[in-house]
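What follows is a set of notes on a single structure, which appears directly below.
Throughout, protein chains are lettered first and strands after them, A, B, ... in sequence-line order, and every chain is numbered starting at 1. As a basis for the values below, the full set of heavy atoms in this structure was taken, side chains included, without hydrogen atoms, waters or symmetry mates.
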Amino acid sequence: MDYMLAFLEGLNSKQRAAVEAKDGPTLVLAGPGSGKTRVLTSRIAYLIGLRGIAPYRIMAVTFTNKAAREMRDRIAQLVGASKTADLMIGTFHSICARLLRREAARAGLDRDFSIYDADDQLSVVKAALADLKLDEKKYKPASIHAAISAAKNELITPEEYRAESYFQEIAGRVYARYNAILRANNALDFDDLIMETVRLLRSDPIVCERVRERYLHVLVDEFQDTNLAQYALIKLIAGRHRSLFCVGDADQSIYAWRGADYRNVLRLREDYPDLTVITLEQNYRSTQTILDAAMSVIRKNPNRIHINLSTQRGHGPKIAVRELFNEDEEAQFVVDTIEELVRQKAAEPGEIAVMYRTNAQSRPLEEAFIRAGMPYRLVGATRFYARKEIKDVLAYLRIINNPADAVSLKRIINVPPRGIGEKTYEQLQNTAQALGVSCLDVLNRGEFSAPGRAGRALQEFGARWAQWVRLRGELSVGQLFDYVLQTSGYEEYLRDGSAEGEDRWANVLALRNVAVEAGDTMLSEFLSNVALVSDVDNYDETANAPTLLTLHAAKGLEFKVVFIVGLVEGVLPHSRNLDDPEQIAEERRLMYVGITRAKERLYLLRPFRRSQWGDSEITEPSRFLADLPDSVVDSKPRKNSELLQATATWQSAPAKPSANSRFKPGDKVVHPRFGQGLVLRSTPTRDDEEVEVFFFDAGGKRLSAAMSGLRKLKE
DNA sequence: CTTGCTACTCTTTTT
DNA sequence: GAGTAGCAAG
């Protein structure tokens with residue numbers, strides 16, 4: 001308890017006021033690095049430790065499972081580990097999954113429902129399109145799915161779905177079929193977890209009462225990233241006691257594309273007129289230089305309440321803005337600079353992060369790290385749980401847990417190859433549908449027989465499957481895992497003698513560890529847990545190596561040194577978001593989030609060229625770079641037109657004809673006197689070519705291709 | 001039913 | 001340029 005009091009002493013007066021706020025509706029609005037999560041954690045510890053609230057009466061919603069785990073550990077330190085076991089802490093999705101399993105009967109669900117990830121969801125959309133005889137080429141499954149997801153995030157059922165365009169008309173029809181398939185497979189998608197929970201609480205007064213009575217205090221982290229469905233859920237649960245404590249920052253709202261609506265902040269004010277709003281402006285993370293840069297970028301967004309970020313940490317070094325030739329040289333610069341920083345003891349490798357807009361940008365970076373023999377941590381990209389071998393093994397476990405899961409069955413019924421082809425599977429599926437039972441039942445009852453080899457293979461598979469299902473009750477998750485691997489033939493199939501096969505097998509073994517560690521967790525719960533892990537959840541805290549991650553994944557994290565790469569128009573802001581001011585505003589917030597991850601040093605990198613679809617093109621610097629005041633950067637990025645202006649002159653020099661004519665914008669060239677440069681423009685003249693080049697050392701020049709001795713460099 | 005070839009999309013961001 | 005879907009041949 002003394003420890004707890006000392007901890008509260010460590011907060012400033014405003015933070016402490018927030019922690020000790022009265023139990024009414026409260027919103028803490030605060031900038032980055034202000035200790036929002038710390039305030040939330042402290043409040044829970046305060047409620048348990050000093051106010052004597054029973055832990056099971058507190059529900060806290062975090063954005064990732066990692067955040068939940070850290071919060072639980074921290075609270076354990078403050079009030080004792082025995083008091084954190086009953087705390088309901090988790091993401092919206094994990095909390096809803098638990099609730100729905102517990103109340104499955106009343107929700108009209110089978111408690112062993114599968115949770116379909118993005119991949120599975122797309123297969124269901126494809127199946128729905130096929131059922132409706134719609135062309136995948138014409139209606140892209142991803143777009144249809146986005147429309148369905150958007151509807152679910154706003155709690156719109158297929159029946160309520162209003163189409164305002166022909167595309168939406170189609171989407172509405174697919175939505176209905178999509179949901180029907182999910183139900184037939186006894187499966188929920190991510191969005192269903194929230195939507196079904198809201199539906200349950202709204203339609204079932206008994207369950208609703210039970211939940212409301214139980215959760216005396218509801219706390220929400222990253223409130224700006226909640227969508228309408230999540231907001232509705234919060235209101236439902238916090239209904240009776242009205243002890244609702246939300247923490248957020250509208251400037252860090254970067255998930256509008258998946259339904260997050262920062263106007264929930266406004267709704268909260270409307271729905272709770274007695275809302276207490278507490279603003280925290282003090283920053284404990286970054287230097288003033290970094291905060292000034294962040295503010296100068298975010299200030300350009302319209303309709304926002306400005307939070308003036310200030311710190312006691314001094315100014316620190318200026319922000320380094322660098323122009324590099326392409327992604328490869330950019331990556332090389334990152335690696336070289338990291339080596340230098342580490343050598344100078346300016347930072348440990350583990351305190352450094354490299355951030356980018358899209359996952360694809362990690363590749364040149366990875367190659368540079370590998371070339372330099374420098375270890376690194378990669379968050380996201382080919383996600384562990386999205387790997388083929390992992391999804392296959394999980395599919396085996398899913399059909400055991402939930403025999404109705406046809407998406408998983410289809411995935412593995414012929415992996416390894418058993419001679420059960422598309423046709424055979426389809427017939428089996430049709431029979432099951434006609435009888436209204438699962439494929440397992442069909443096989444068990446011998447109501448379906450295929451001729452010849454396929455028939456025998458099917459019979460054998462059915463017997464195996466039935467045996468696994470029987471063993472499910474007797475074996476732990478880990479034991480079942482081993483048994484399935486042994487008896488399915490998957491191990492021999494995977495380990496085909498190739499190095500790649502061994503890699504994949506290693507991944508399966510890593511999953512096996514997770515299964516073994518699950519102990520006596522129920523199979524359904526184990527599968528829930530692995531379906532809902534996020535990328536940062538797998539982040540290895542202990543490794544002392546730089547981290548590579550997207551700007552989205554970086555939210556909530558901080559690093560001593562941050563590199564942001566690829567700061568060019570079309571990447572950040574992304575080309576798909578250029579026409580809509582709302583979307584530009586979100587890209588700007590993304591830049592803001594990136595900048596404010598840095599504690600001490602920030603590097604902003606701009607490549608002159610970017611490659612895409614095999615070839616590459618010249619770029620313009622990101623508009624966000626232009627917003628940085630001279631006082632915070634050590635050099636200013638220039639637009640391509642500005643690069644030429646400085647010293648543009650005709651240069652007539654050694655009369656040596658150029659070896660290769662035809663220069664293109666973006667070519668890297670070398671000149672005997674000016675060194676290396678970049679072609680920005682090239683105009684053919686009568687029997688020559690006028691080339692405008694930005695030389696990295698000598699500045700802009702206009703040259704004759706034939707006369708100047710300019711040469712193209714191999715890339 | 002499996003294998004191997006060709007043609008085509010694809011790049012946001014994620015629970 | 002790569003990964004995959006779709007198709008034809010074995």
Please state whether the rings of A:His93 and A:Phe190 are parallel, tilted or perpendicular, taking 30° and 60° as the class boundaries.
perpendicular

Which whole-number value in Å describes the distance from [X] [atom1] to [N] [atom2]?
X        : N      : atom1 : atom2 : value
A:Glu196 : B:dT15 : CD    : C1'   : 17 Å
A:Leu458 : B:dC1  : CG    : C1'   : 14 Å
A:Ile194 : B:dT15 : CD1   : P     : 13 Å
A:Leu532 : B:dT14 : CG    : C1'   : 12 Å
A:Glu586 : B:dT13 : CD    : C1'   : 9 Å
A:Asp192 : B:dT15 : CG    : P     : 18 Å
A:Glu367 : C:dG1  : CD    : C1'   : 13 Å
A:Asp225 : B:dT14 : CG    : C1'   : 11 Å

Ranking A:Pro417 and A:Asp191 by the position along DNA chain B of their nearest nucleotide, the one closer to 5' is A:Pro417

Ranking A:Thr91 and A:His574 by the position along DNA chain B of their nearest nucleotide, the one closer to 5' is A:His574

Over all strands shown, is [X] touching base, sugar-phosphate only, or nothing at heavy-atom distances under 4.0 angstrom?
X        : value
A:Ile420 : sugar-phosphate
A:Lys140 : sugar-phosphate
A:Tyr255 : sugar-phosphate

Problem - side chain to side chain contact (heavy atoms under 4.5 Å, CB included) assessment of A:Phe245 paired with A:Leu40 - result: CA-CA 8 Å; A:Phe245 192 90; A:Leu40 199 75; 3.5 Å; yes

Next on the checklist: Please tell me whether A:Tyr493 and A:Tyr490 form a close aromatic pair, meaning their ring centres lie under 6.0 Å apart.
Outcome noted: yes

Do A:Asn577 and A:Ile584 have side-chain heavy atoms sitting under 4.5 Å apart?
-> no

Is [X] close enough to [N] that one of its side-chain N or O atoms is under 4.0 Å from OP1 or OP2 there?
X        : N      : result
A:Thr424 : B:dC1  : yes
A:Asn359 : B:dT14 : yes
A:Asn414 : B:dC1  : no
A:Ser575 : B:dT11 : no

query: Rounding to the closest angstrom, what is the interatomic distance between C:dG6 and B:dT11 at atom C1'?
result: 23 Å

Among the nucleotides C:dA5, B:dT13, B:dT14, whichever has the atom closest to the side chain of A:Ala553 is B:dT14

- A:Arg464 NZ/CZ over A:Phe461 ring centroid, <6.0 Å and within 45° of normal: no

